[in-house]
There are 2 protein chains.
Amino acid sequence: MNSSMNSGAPPVSPFIRLFGRYLREQGLPVTQQREAVADVVFSSDAHLSVDDIERQLRSAGERIGKATIYRTLDLLVRSTLVAEHDFGEGFKRYEHRLSRQPDHDHLICLECGGVTEFKSTELRGLQNQVAREQGFRASRHKLEIYGLCRSCQAAGAKLPDEGLTCPIEAV
Amino acid sequence: MNSSMNSGAPPVSPFIRLFGRYLREQGLPVTQQREAVADVVFSSDAHLSVDDIERQLRSAGERIGKATIYRTLDLLVRSTLVAEHDFGEGFKRYEHRLSRQPDHDHLICLECGGVTEFKSTELRGLQNQVAREQGFRASRHKLEIYGLCRSCQAAGAKLPDEGLTCPIEAV
DNA sequence: GTCCATGCAAACCTTTTGCACTATA
DNA sequence: TATAGTGCAAAAGGTTTGCATGGAC
């Protein structure tokens with residue numbers, strides 16, 4: 001296997017170079033494994049779990065330990081090139097922040113688990129307004145809207161509606 | 001110890017009765033332990049961890065296994081009387097949804113971990129607008145704004161600012 | 001008396017860490 | 001060659017589960 005990690009055919013994302021730059025700035029070695037993990041993340045527009053990443057590395061013939069994947073993801077998140085998400089599934093997901101709207105938020109389908117991204121221009125203003133009112137210095141936000149995606153609605157899915165038969169407001 | 005769980009002195013939250021009603025509706029037994037856990041959650045306006053709850057039970061003389069606490073919290077969440085939160089600390093937190101603004105959101109201080117609640121009337125409209133645009137059926141949302149609370153700013157705390165020296169937008 | 005909850009400990013799952021070995025710079 | 005990274009396996013930490021016992025209805 002070619003030690004440059006990109007054996008000719010698939011064009012390596014130019015974004016990996018940004019990660020290399022970050023590593024050099026921090027005085028950290030640029031290793032094959034770090035580049036391979038970064039390549040998987042930068043090559044996908046999905047919200048990847050660590051298992052997803054490991055699977056893709058394996059099918060690309062790379063054999064990289066989970067510990068290294070976690071350690072590299074930590075660096076990627078620190079570099080701000082990658083965002084970490086927790087959609088309440090019991091594990092984290094990762095998505096790169098390059099060549100896409102930088103501060104988008106997520107619609108999460110309670111039926112199929114699918115994630116759709118959206119961008120609201122008003123949200124930034126709302127964040128700043130709330131922060132101002134509360135004397136808070138806002139750095140970032142996270143908005144997740146849970147419900148049913150279009151196709152699950154079409155398939156007849158219903159929102160789970162457990163809980164008290166009479167709304168709690170009626171105490 | 002009195003088997004009614006409320007040995008005279010501290011007034012039991014009337015909200016426990018709602019939980020009892022839920023359990024009966026579901027054909028589930030109303031047990032001492034379930035009432036004790038519910039009492040702790042309904043008596044606090046904080047965002048409690050399972051450890052917090054266990055600690056409070058112990059200091060009240062109750063000796064209830066962690067498994068029972070988890071199982072009861074599951075019921076409380078299902079009943080919609082209690083909301084579950086994950087503020088990225090590696091464990092969950094719980095807060096009751098009674099006698100407070102039903103759909104508030106959270107400001108989370110990156111320095112001290114403190115959580116402040118806020119209510120934005122515009123947010124519900126924004127949620128519905130986004131959902132409409134995307135053909136999504138929204139059920140609920142979760143907005144968290146991360147930053148520095150007033151007192152941590154006063155104490156001179158700075159937002160962590162790692163990452164690339166040059167903003168990624170400048171690729 | 002039946003059925004379900006409880007408590008304990010073991011199991012689980014994701015993530016982190018220790019350590020001997022290897023690669024980067 | 002010095003320094004830091006890798007891989008493996010073990011540990012950690014929160015949460016869940018199996019099973020014998022005990023309580024609710």
Side-chain angles (χ1 to χ4, degrees), chain A residues 1-5 16 19-38 40 47-55 57-58 61-79 82 84-94, chain B residues 1-5 16-17 19-38 40 47-55 57-58 61-79 82 84-94 113:
Chain A
M1 190 167 309
N2 192 321
S3 75
S4 83
M5 210 238 90
I16 293 191
F19 185 43
R21 176 149 74 84
Y22 171 76
L23 292 172
R24 268 175 248 114
E25 277 178 4
Q26 304 287 318
L28 301 173
V30 177
T31 67
Q32 243 183 87
Q33 290 90 334
R34 286 175 177 170
E35 289 193 321
V37 172
V40 168
H47 303 81
L48 301 169
S49 67
V50 170
D51 268 5
D52 292 337
I53 295 169
E54 192 180 34
R55 210 171 305 120
L57 286 169
R58 272 188 208 287
E62 309 276 352
R63 190 152 288 268
I64 295 182
K66 258 206 175 76
T68 297
I69 299 175
Y70 277 106
R71 286 185 279 229
T72 303
L73 285 169
D74 186 50
L75 291 168
L76 284 164
V77 170
R78 271 198 227 278
S79 75
V82 166
E84 184 183 76
H85 296 292
D86 184 342
F87 296 139
E89 301 165 292
F91 51 87
K92 306 242 173 71
R93 290 187 177 272
Y94 299 85
Chain B
M1 190 168 309
N2 192 321
S3 75
S4 83
M5 210 236 93
I16 293 192
R17 285 187 230 156
F19 185 43
R21 176 149 74 83
Y22 170 76
L23 291 173
R24 268 175 248 112
E25 279 179 2
Q26 305 286 318
L28 301 172
V30 178
T31 66
Q32 244 183 88
Q33 291 91 333
R34 286 175 176 169
E35 288 193 321
V37 172
V40 168
H47 303 80
L48 301 169
S49 67
V50 170
D51 268 5
D52 292 337
I53 294 168
E54 191 179 36
R55 211 172 304 121
L57 286 169
R58 271 187 208 285
E62 309 276 354
R63 191 151 289 266
I64 295 182
K66 258 206 174 77
T68 298
I69 299 175
Y70 278 106
R71 286 186 278 229
T72 304
L73 285 169
D74 187 48
L75 291 168
L76 285 164
V77 170
R78 272 197 228 277
S79 75
V82 166
E84 183 184 74
H85 296 292
D86 185 342
F87 295 140
E89 301 165 292
F91 52 86
K92 306 240 172 71
R93 289 185 177 275
Y94 299 86

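Note that the structure is a prediction, hence the values are computed from the model and not measured. Within every chain, numbering begins at 1; the chains are lettered A, B, ... in the order of the sequence lines, protein sequences first and strands thereafter. Atoms considered below: every heavy atom in the structure, side chains included; atoms not considered: hydrogens, waters and symmetry mates.
- What separates CG of D51(B) from P of dG13(D) is a distance of 11 Å, to the nearest Å.
- At least one side-chain nitrogen or oxygen of R34(A) sits closer than 4.0 Å to the OP1 or OP2 atom of dG5(D).
- Note on R71(B) versus D74(B): no salt bridge recorded, every NZ/NE/NH1/NH2 to OD/OE distance being 4.0 Å or above.
- The two residues H47(A) and H85(A) have their closest heavy-atom pair at CD2-CD2, 3.9 Å.
- Under the 4.5 Å side-chain criterion, counting only non-hydrogen atoms from C-beta, F91(B) is not in contact with V50(B).
- Residue contacts shown for Y70(A) include a base, since a base heavy atom lies under 4.0 Å away.
- If you take CZ of F19(A) and P of dG5(D), they are 11 Å apart, rounded to a whole angstrom.
- Spacing between atom CZ of F91(B) and atom P of dT15(D) amounts to 8 Å, rounded to whole angstrom units.
- For E89(B) and dT15(C), the CD to P distance is 16 Å, given to the nearest whole Å.
- Across the protein-nucleic acid pair, R93(B) atom CZ and dG14(D) atom C1' stand 13 Å apart, rounded to whole Å.
- Taking atom CD of residue Q26(B) and atom P of nucleotide dC4(C), one finds them 13 Å apart after rounding to whole Å.
- In this structure, OH in Y94(B) is found 7.5 Å from CD1 in I53(B), a value given to the nearest 0.5 Å.
- For R34(A) (side chain) and F19(A) (main-chain N/O), no donor-acceptor pair under 3.5 Å exists by modelled atom type.
- With rounding to whole Å, E54(B) atom CD is found 11 Å from dG14(D) atom P.
- Between L73(B) atom CG and dG14(D) atom P there is a gap of 15 Å when expressed in whole angstrom units.
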Which letter, B, S or -, goes with each nucleotide of nucleotides 19-25 of chain C from 5' to 3', with contact meaning a protein heavy atom under 4.0 Å?
-----SS
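- For the pair R93(A) and D51(A), the salt-bridge criterion is not met [side-chain N within less than 4.0 Å of a carboxylate O].
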